[in-house]
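First up is the structure itself, then whatever we jot down about it.
All ligand and atom numbering here is 1-based and tracks the order in the structure.
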Amino acid sequence: MPDSGITRILITEDEIKATVERLGAEITACYMGIAGERVVIGLLRGSFVFMADLIRQIKLPLVVDFMAVSTYGDGTVSSGDVKVAMDLDESIENRDVLLVEDIVDTGNTFNKIIRMMHNRNPRSLRICTFLDKPSRRIAHVDIDFCGITIPDEFVCGYGLDFAQRYRNLPYVGVLQVE
Ligand code: 5GP
């Protein structure tokens, strides 16, 4: 039975676990032959639950950092503006960077962040997203590691919110739109 405000469960806890394990294995294999420590950057707040699970499935030395950006207010429609509320502590210059996002929707946010990151001259920059909603894409984003492709529905849980709520749901559910 889904929680109140959620119409149905889209991705179960078991599916999430299997997805994170697969992504961790893909990322480990990709970086295995590359010497040096990689920097894994989570975009707050949505990615924090996924990040916590994902980094434990990456079987290589790494450094974690976070950046807080905001695009959505308390609604379900993107404002199109990206605001950096909290920047990185780490310098990413000449380092191998993995950017971790909760969901790529229109692509506006990630497209801007990727450009910002490239300007800081990382040695490499790869993108991992837990969810992908390609049907709504406006700005191009090259995703290197993709969890689950979902239809055009507003989802919550496993770190994703609506008005800061539902982040603690252990599954991903479809929000009831009034
Ligand atoms: P984009 O710029 O790709 O349109 O949006 C990216 C951000 O919008 C995500 O990081 C996330 O915060 C928010 N977002 C997009 N789609 C959804 C959704 O279905 N559910 C939730 N909770 N947030 C979403």
Side-chain angles (χ1 to χ4, degrees), residues 2-13 15-17 19-20 23 27 39-55 64-88 92 97-120 125-178:
D3 295 68
S4 137
I6 301 290
T7 50
R8 68 177 204 283
I9 295 173
L10 190 66
I11 307 168
T12 64
E13 284 188 68
E15 286 166 336
I16 291 173
K17 189 167 180 286
T19 301
V20 175
L23 288 172
I27 292 166
V39 186
V40 182
I41 297 173
L43 295 178
L44 295 174
R45 298 174 202 172
S47 73
F48 80 102
V49 178
F50 175 47
M51 268 288 275
D53 286 344
L54 182 68
I55 56 168
V64 168
D65 203 350
F66 289 96
M67 180 182 258
V69 294
S70 53
T71 45
Y72 277 61
D74 282 351
T76 59
V77 181
S78 173
S79 67
D81 294 329
V82 176
K83 196 175 91 196
V84 177
M86 187 193 86
D87 208 341
L88 301 173
I92 59 166
V97 174
L98 179 66
L99 265 180
V100 177
E101 174 69 301
D102 53 353
I103 182 166
V104 181
D105 183 14
T106 65
N108 283 334
T109 315
F110 232 28
N111 188 279
K112 285 181 185 151
I113 291 167
I114 289 164
R115 268 191 269 163
M116 193 195 310
M117 291 291 162
H118 272 302
N119 288 338
R120 299 181 186 194
L125 182 63
R126 290 187 175 83
I127 310 301
C128 176
T129 186
F130 173 54
L131 299 177
D132 185 17
K133 226 193 265 184
S135 55
R136 299 219 329 152
R137 196 76 90 251
I138 295 168
H140 178 75
V141 176
D142 272 325
I143 298 169
D144 299 280
F145 308 101
C146 181
I148 300 175
T149 300
I150 62 165
D152 181 11
E153 291 184 283
F154 194 84
V155 293
C156 286
Y158 197 61
L160 288 105
D161 76 311
F162 176 68
Q164 302 307 331
R165 295 188 177 79
Y166 303 106
R167 292 195 199 273
N168 59 325
L169 300 182
Y171 56 82
V172 174
V174 177
L175 188 75
Q176 185 154 18
V177 182
E178 298 299 316

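Those atoms of ligand 1 with a heavy atom of K133 less than 4.0 angstrom away are 16 (N), 17 (C), 18 (C), 19 (O). Heavy-atom contacts of E101 reach the following atoms of ligand 1: 10 (O) (cutoff under 4.0 Å). For ligand 1, the atoms sitting less than 4.0 Å from at least one non-hydrogen atom of V155 are 18 (C), 19 (O), 20 (N), 21 (C), 22 (N), numbered in the order shown with element in parentheses. Within ligand 1, the atoms closer than 4.0 Å to a non-hydrogen atom of T109 are 1 (P), 2 (O), 5 (O), 6 (C), numbered from 1 in the order shown.
One distance of note links CG of D144 with OG1 of T129; it measures 11.5 Å at 0.5 Å rounding.
Ligand 1 has at least one atom lying under 4.0 Å from a heavy atom of F154. Ligand 1 has E153 within reach: a non-hydrogen atom of the residue lies less than 4.0 Å from it.
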Evaluate the side chain to side chain donor-acceptor pair (under 3.5 Å) criterion for residues R115 and N111: first the C-alpha distance (whole Å), next the side-chain angles of each, then the deciding distance (0.1 Å), finally the verdict. CA-CA 6 Å; R115 268 191 269 163; N111 188 279; 2.7 Å; yes
Verdict with supporting geometry, D87 and R120, salt bridge (charged side-chain N to carboxylate O under 4.0 Å, His left out): CA-CA 12 Å; D87 208 341; R120 299 181 186 194; 2.9 Å; yes
Go through V40 and M51 one step at a time and tell me if the side chain to side chain contact (heavy atoms under 4.5 Å, CB included) criterion holds. CA-CA 9 Å; V40 182; M51 268 288 275; 3.8 Å; yes
Show your working on side chain to side chain contact (heavy atoms under 4.5 Å, CB included) between M117 and L99 and close with a plain yes or no. CA-CA 9 Å; M117 291 291 162; L99 265 180; 4.0 Å; yes
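Below 3.5 Å of separation, one finds an N or O of G107 facing an N or O of ligand 1.
Selection from I150, L175, D161 by nearest heavy atom to atom 22 (N) of ligand 1 gives D161. Considering N108, T129, I103, I138 only, the shortest heavy-atom separation from atom 24 (C) of ligand 1 involves I103.
In D102, the part holding a heavy atom less than 4.0 Å from any atom of ligand 1 is the side chain.
Proximity of L43 to F110: side-chain heavy atoms (C-beta onward) are separated by under 4.5 Å at one or more points.
Counting only distance, with no hydrogens or angles, the side chain of R167 and the backbone of Y158 share no donor-acceptor pair below 3.5 Å.
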